[in-house]
There are 2 protein chains.
Amino acid sequence: MHRRYVKVLEDVLDANSTIAAANREDFERASVKVVNLMSAPGAGKTSLLERVLARLDGVRVGVLEGDVQTALDADRIASLHVPVVQINTEPRFGGECHLDANMVRSAIPALPLDEIDLLVIENVGNLVCPAEFRLGEHHRVMVASVAEGEDKPLKYPLMFRACELVLVNKIDLLPHLDFDLERFLGNLDAVHPGVDRLLVSAKTGEGLEAWRDWLVAAAVREASRVA
Amino acid sequence: MHRRYVKVLEDVLDANSTIAAANREDFERASVKVVNLMSAPGAGKTSLLERVLARLDGVRVGVLEGDVQTALDADRIASLHVPVVQINTEPRFGGECHLDANMVRSAIPALPLDEIDLLVIENVGNLVCPAEFRLGEHHRVMVASVAEGEDKPLKYPLMFRACELVLVNKIDLLPHLDFDLERFLGNLDAVHPGVDRLLVSAKTGEGLEAWRDWLVAAAVREASRVA
């Protein structure tokens, strides 16, 4: 069973890369830069978008929401009057645990690419498989909540290595947690030395100006080597 | 690509069920009851085990640790002088995002089944795929951290439906979060009406007696219908 499974998954990843390249071409033809935003469930991806999307200094942004089920996050983003398209992975195989390039491809016709400069793709909450599946993005960002503990970079190194920016979220909770920030950042540097990181709190607003500035710059920045 | 992928995954799930049944037979032959413990990354599975494993009232317990990488959790459990076996999914396909029955099967020879009454399998941190892959367990428990937000039962319904007990962890953080516990429990009942739930804090110890009592009872309880 196992060998066949691995072979098919390798084929799937190859096909995914081909489709991701086609997506990238479509995005570049429309001069749209794309950010793939990933995290564990409940780390705060949607909240961190909600807090900055309306203040992007003239950068026109759209959002592609990936979830196993529900349009809860898309509804939150739409209330900001930002164009948003929802992908639910549920109608597929029992709910895929990640977005893949083909799902994004199927959503492209619904995206107003000519009217935006920046597309943020909010991936399914998962620290494993989303790191494997390129979507055609230029930039990859992950959110790590301090409530998840210091050991996560060591336990999910592929995800932490696959990103060019790590948003360390919920820092307002630090006084209430047994979380050693220095140890977490040491673990982060152990798996991805020197990766950019921002300490943020969607609740208090701390660090959100820097996150907004990063997104504004991403709209014109060349694709990252890790994307 | 997609249809072939789905077909192969269906085959994989079929094969998984067959192997899970063989695992279950091995466990029953040794009179060992098995709990599959699941959650998102950083919800507190290991901490909730650490706090009760040494106080199980004569129930002899062993632990099978599943992680993409590292033996960090196994080391924490081993320090309690509890027999523990580590499975790392990393040598397989880029790090599987869940345990499957075959991984558990490969670990059975290393488990002292004749010397334990209860085996706790700590799954890979993920709210999607672990719910799909039966391991041969009798009971399925999940941990939901209040730091993850109220919407998680709606967004990951399969996981919340697949369990007979939901441990609502980190309730010590409630005063510091915008988390509406009643709304969370309403969402939980919407996807899995009346499922057992315990409000716990691995940090303050609140609710841990009930969690310990549940584990002690699980060592003699018949398999759940949801397992």
Side-chain angles (χ1 to χ4, degrees), chain A residues 1-2 4-6 8-13 15-16 19 39-44 46-47 67-70 72-73 89-90 92-98 100 102 124-129 131-132 144-149 151-152 154-159 170 172-173 175-178 191 203, chain B residues 1-2 4-6 8-13 15-16 18-19 39-44 46-47 67-70 72-73 89-90 92-98 100 102 124-129 131-132 144-149 151-152 154-159 170 172-173 175-178 203:
Chain A
M1 174 189 108
H2 178 55
R4 183 173 164 222
Y5 187 43
V6 168
V8 168
L9 282 169
E10 283 172 354
D11 291 349
V12 165
L13 276 189
N16 186 75
I19 300 169
S39 80
T46 312
S47 296
D67 280 299
V68 179
Q69 281 200 12
T70 79
L72 294 170
D73 292 348
T89 70
E90 181 63 20
R92 296 167 64 99
F93 173 73
E96 289 274 5
C97 62
H98 57 274
D100 66 27
N102 199 42
V124 177
N126 180 349
L127 284 186
V128 187
C129 301
E132 294 274 359
S145 157
V146 296
E148 295 163 4
D151 57 353
K152 293 304 163 293
L154 303 178
K155 294 175 74 173
Y156 303 91
L158 185 64
M159 175 60 77
K170 307 194 189 181
D172 57 283
L173 291 179
H176 314 296
L177 297 172
D178 299 321
V191 301
K203 185 171 181 184
Chain B
M1 173 187 109
H2 177 55
R4 182 171 164 224
Y5 187 42
V6 168
V8 168
L9 282 170
E10 284 172 352
D11 291 350
V12 165
L13 276 189
N16 186 75
T18 302
I19 300 170
S39 79
T46 313
S47 296
D67 280 298
V68 180
Q69 281 199 11
T70 79
L72 293 170
D73 291 347
T89 69
E90 180 63 21
R92 296 167 63 99
F93 173 71
E96 289 274 6
C97 63
H98 56 274
D100 67 27
N102 199 41
V124 177
N126 180 349
L127 283 187
V128 187
C129 301
E132 295 274 359
S145 157
V146 295
E148 296 163 4
D151 58 354
K152 294 303 163 294
L154 303 178
K155 293 175 75 174
Y156 303 91
L158 186 64
M159 174 61 77
K170 307 194 189 182
D172 56 285
L173 291 178
H176 314 295
L177 298 171
D178 298 321
K203 185 173 181 181

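From a predicted model like this one, the values you see are computed outputs, not experimental measurements. Quick note on labels: first sequence line is chain A, next is B, and so on, each numbered from 1.
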Using non-hydrogen atoms and a 4.5 Å limit, figure out which bit of B/Asp73 sits close to chain A: side chain, backbone, both or neither. side chain
Heavy-atom cut-off 4.5 Å, strictly under: side chain, backbone, both or neither for B/Pro157 against chain A? side chain
Please state whether the side chain, the backbone, both or neither of A/Leu154 comes within less than 4.5 Å of a heavy atom of chain B. both
Chain B contact via A/Lys155 - side chain, backbone, both or neither, heavy atoms under 4.5 Å: both
Say whether, by atom type as modelled, one donor and one acceptor occur between the side chain of B/Ser145 and the main chain of B/Ala43 under 3.5 angstrom. no
Verify, without hydrogens or angle tests, whether A/Lys170 (side chain) and A/Lys203 (backbone) share a donor-acceptor contact under 3.5 angstrom. no
So which residue, A/Ala147, A/Pro41, A/Cys97, ends up with the most heavy-atom pairs under 4.5 Å with chain B? A/Pro41
Partner chain B: residue of A/Gly149, A/Gly125, A/Ala131, A/Pro175 with the largest heavy-atom pair count (under 4.5 Å): A/Gly125
Is there side-chain contact between A/Val68 and A/Val124, with at least one heavy-atom pair below 4.5 Å? yes
Are the side chains of A/Leu173 and B/Leu177 in touch, meaning some heavy atoms are under 4.5 Å apart? yes
In Å, rounded to the nearest 0.5 Å, how long is the span from NE2 of A/His98 to CG of A/Leu127? 14.5 Å
